[in-house]
Protein chains: 4
Amino acid sequence: MGGALRNDAREARRSAILRAAVEVFAERGYEDARMREVAERAGVADGTTYLYFQGKEALLVAILEENAKAFLKRARRDAGRQKDPGAKLRKVIERHLVSLESDRALAHVFQIELRHSRRFLRQVARGQVAEYLRLLQRIIAEGTASGLFRDDIPADVAARAVFGAVDELITSWVLADRPRSLAGQAAPLLRLIFGGLERRAGGSR
Amino acid sequence: MGGALRNDAREARRSAILRAAVEVFAERGYEDARMREVAERAGVADGTTYLYFQGKEALLVAILEENAKAFLKRARRDAGRQKDPGAKLRKVIERHLVSLESDRALAHVFQIELRHSRRFLRQVARGQVAEYLRLLQRIIAEGTASGLFRDDIPADVAARAVFGAVDELITSWVLADRPRSLAGQAAPLLRLIFGGLERRAGGSR
Amino acid sequence: MGGALRNDAREARRSAILRAAVEVFAERGYEDARMREVAERAGVADGTTYLYFQGKEALLVAILEENAKAFLKRARRDAGRQKDPGAKLRKVIERHLVSLESDRALAHVFQIELRHSRRFLRQVARGQVAEYLRLLQRIIAEGTASGLFRDDIPADVAARAVFGAVDELITSWVLADRPRSLAGQAAPLLRLIFGGLERRAGGSR
Amino acid sequence: MGGALRNDAREARRSAILRAAVEVFAERGYEDARMREVAERAGVADGTTYLYFQGKEALLVAILEENAKAFLKRARRDAGRQKDPGAKLRKVIERHLVSLESDRALAHVFQIELRHSRRFLRQVARGQVAEYLRLLQRIIAEGTASGLFRDDIPADVAARAVFGAVDELITSWVLADRPRSLAGQAAPLLRLIFGGLERRAGGSR
DNA sequence: TATGAATGAGGTTTCATTCAT
DNA sequence: GATGAATGAAACCTCATTCAT
């Protein structure tokens with residue numbers, strides 16, 4: 001029947017609401033965002049939002065889940081296409097920077113609104129971050145095992161440090177009035193990270 | 001004379017309110033924190049809080065300002081006592097880790113509650129962070145100038161990456177159910193950072 | 001011909017909705033009853049309910065009207081079959097008790113949900129009650145005229161008192177966790193009512 | 001200190017809110033009553049209501065509890081002053097009628113709004129009714145024991161029937177456009193009730 | 001005729017802040 | 001200066017009802 005069409009329409013509407021939420025959350029901040037404005041911008045009635053999402057916080061969760069999952073998928077695929085752990089790490093970090101640079105409103109939400117409360121951070125956001133950290137950690141451990149990376153830095157510490165470095169660059173970019181290209185900062189950032197991780201040529205202290 | 005005593009009492013009361021705020025913000029989160037609970041815990045009436053601070057957000061600002069300033073002062077003094085830019089950087093990072101590890105409630109507030117909204121982040125919190133970033137950047141630039149650090153990583157990028165790495169370790173520690181000692185993670189973190197910053201012995205790309 | 005069949009189907013559907021409403025109103029209470037649940041339980045779509053009834057309150061009205069009318073019809077027929085006003089009154093009261101005891105969900109709705117608001121009570125419910133009160137009053141007046149009942153109690157007061165007594169027994173039964181048979185309480189109730197109404201053998205004060 | 005005065009002011013304000021609630025509930029019905037109107041009529045701000053009562057339903061509970069308790073107290077005292085069970089019963093019923101006739105808005109709330117939902121009825125209202133029923137039952141049992149009342153009507157059935165009769169007269173009065181004096185209906189009602197309860201002079205079935 | 005997705009009005013309650021005492 | 005009772009703005013969400021298909 002018209003099921004497929006209906007589903008298309010349904011999916012389109014869902015996307016419209018989600019996109020509207022990203023924009024309103026980015027513009028006003030989560031707390032100051034009004035569900036009415038999300039609905040208006042999505043072109044639906046107030047109540048319609050609640051046919052697609054449980055409530056305001058569920059919108060935030062959905063923004064996180066769907067984008068984080070898509071990112072992780074792409075990052076894993078990128079990494080999977082490389083043999084060398086170094087290349088894998090490079091690709092993942094570049095993907096991270098590029099993904100968020102391509103959608104500033106979404107980056108806003110990811111870097112700031114998704115961290116608005118401890119409860120939310122612990123229950124929701126960190127679940128996706130943990131997943132990402134595990135990916136980084138696995139790649140780094142692989143690099144250490146292959147002799148590429150030094151072995152005196154535990155992979156979990158390294159993974160968090162790498163994530164933190166990338167994350168902070170993105171947050172700066174999000175908060176800046178006149179942001180400098182993120183991709184443009186990838187090269188020095190990668191030099192720093194790889195310099196820190198790679199084994200010294202002549203051996204180090 | 002009575003003025004001095006009065007001032008002492010006043011100062012003590014102010015401190016009690018501020019400390020109560022740190023604890024309540026850490027326990028409940030900024031949004032869920034109730035001014036009444038802050039007042040109760042400080043042992044004053046609801047209205048008294050407003051004789052010492054403009055309002056709820058002013059408490060958050062005061063927590064930030066006073067602790068950040070004290071930290072920056074100590075960090076600058078620490079750095080000033082060292083000649084070597086490497087030693088300076090090391091001291092500052094260690095001070096950063098130790099300062100927050102010694103007060104978990106305060107660390108909660110610094111890592112999470114102070115970032116609850118874009119407006120607050122831009123108007124307030126980043127002011128102190130910017131100051132800190134400038135300190136890091138100066139030390140790194142000094143290291144580069146002295147030939148200790150490589151010159152193909154702009155000091156501002158390096159400073160943000162270093163800050164992000166440290167910051168993320170602290171956030172993980174704050175959010176962990178069973179946190180591992182922060183100080184214990186300092187050594188590998190410093191190896192990573194210094195590895196990334198220092199010029200290669202034999203020279204590399 | 002097909003019309004008759006169609007009408008049968010239509011009538012069946014109408015009944016299903018009405019019955020579903022009785023059950024849902026009894027289980028959840030009128031205010032907490034959801035039209036969706038009524039529709040679900042009747043096996044129709046949300047909107048279909050509105051093809052058979054004007055709305056939620058119209059369902060309540062229909063439950064009242066149809067059952068009250070059927071009850072009144074039976075009560076009048078019962079009474080009509082008796083010559084003696086005493087026997088008439090007895091039959092009507094027994095019919096009242098038995099009718100509601102045979103359908104607890106309906107009794108719930110009659111004793112409680114139909115009285116949920118003054119507006120409803122005045123505009124709707126009392127219309128049927130008034131009818132019933134008139135029947136009681138007529139029988140009692142007849143009893144008084146025939147010398148069976150005492151003449152110092154106005155028939156309208158007596159009718160309301162009798163109705164109230166029966167009504168309260170039913171309400172107690174509806175609200176009780178472990179209700180005792182209503183029919184079983186008919187005998188003492190009737191003794192009380194007839195004792196109150198009947199002329200004293202030797203004349204009283 | 002000013003504690004007594006403060007308490008007086010507090011009590012006055014509490015009463016004002018409660019009285020406003022009685023009136024608004026009576027005029028609009030519980031569901032259609034707006035807390036704003038209650039506050040306005042009490043001459044306080046919206047939020048003040050919540051300093052004195054937990055919420056809207058708590059107002060209804062308070063109206064019930066306070067008035068029912070006062071009534072029960074008076075009814076028990078009235079009964080206690082009489083020796084004869086018949087006189088006791090008469091006093092209690094008269095008190096019941098008079099109490100509500102003296103405050104029509106309160107009677108509205110008692111006869112209608114307090115019965116608006118099964119949940120409320122079971123959890124709250126019936127608690128007070130049960131108490132009242134027990135009082136009636138005790139008096140009737142006493143009358144039976146003393147040989148005044150017939151022994152073939154269980155006291156609990158009699159108590160409910162009596163309550164129901166009185167209750168229905170009051171409800172009719174509350175709903176009537178041009179109500180006839182309740183006190184004026186007391187005499188025939190009492191004749192009916194006592195006729196029903198009292199032992200027959202010459203003995204009957 | 002039946003469907004069920006969409007509509008949108010509407011109100012209780014919380015809590016930061018004020019201010020009379 | 002300290003108190004704490006009073007203030008009142010403000011928004012999420014539900015659900016009866018509608019109407020395009």
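Since this is a predicted model, take the numbers as computed values, not measurements. Letters A, B, ... mirror the listed sequences (proteins, then strands); counts begin at 1.
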Protein-nucleotide distance (D:Asp8, atom CG; E:dT21, atom C1'), rounded to Å: 17 Å
Contact list (N/O, under 3.5 angstrom) for nucleotides 4-6 of chain E vs protein:
from: E:dG4; atom 1: N7; to: C:Gly47; atom 2: N; distance (Å): 2.9
from: E:dA6; atom 1: OP1; to: A:Arg13; atom 2: NH1; distance (Å): 3.2
from: E:dA6; atom 1: OP1; to: A:Tyr52; atom 2: OH; distance (Å): 3.0
from: E:dA6; atom 1: OP2; to: A:Tyr52; atom 2: OH; distance (Å): 2.9
from: E:dA6; atom 1: O5'; to: A:Arg13; atom 2: NH1; distance (Å): 3.4

Side-chain ion pair, D:Glu57 and D:Arg119, N-O less than 4.0 Å: yes
Between F:dA16 (P) and C:Leu59 (CG): distance, integer Å: 11 Å
Given DNA chain E, 5'-ward residue of the pair B:Ala33 and A:Gly43, judged by closest heavy atom: A:Gly43
Under 3.5 Å: donor-acceptor pair, side chain of B:Arg115, backbone of A:Arg115: no
Distance, rounded to the nearest Å, where B:Met35 contributes CE and F:dT7 contributes C1': 16 Å
Atom pair distance, as rounded to whole Å: CD in C:Glu57 and P in F:dA16: 12 Å
Of the listed nucleotides F:dT17, E:dT13, E:dT17, the one nearest the side chain of C:Lys56: F:dT17
Side-chain touch B:Leu59/B:Phe25, heavy atoms, less than 4.5 angstrom: yes
A:Met35 side chain near A:Lys56 side chain, heavy-atom distance below 4.5 Å: yes
Just list the side-chain donor-acceptor pairs under 3.5 Å for residues 47-55 of chain C, sequence neighbours left out, or say none.
from: C:Thr49; atom 1: OG1; to: C:Asp46; atom 2: O; distance (Å): 3.1

Contacts of type side-chain contact (heavy atoms from CB on, under 4.5 Å), residue C:Ala105, not counting sequence neighbours: C:Arg19, C:Val22, C:Ala26, C:Asp103
Integer-rounded Å distance: F:dT14 C1' and A:Phe53 CZ: 18 Å
Those residues that, when tested against C:Glu40, pass side-chain contact (heavy atoms from CB on, under 4.5 Å) (two or more places apart): C:Arg36
Base-pairing string, 5' to 3', of DNA chain F - Watson-Crick or wobble, under 3.5 Å, | interstrand: .||||||||||||||||||||
Salt bridge (charged side-chain N to carboxylate O under 4.0 Å, His left out) against B:Glu27, all qualifying residues, sequence neighbours excluded: B:Arg41
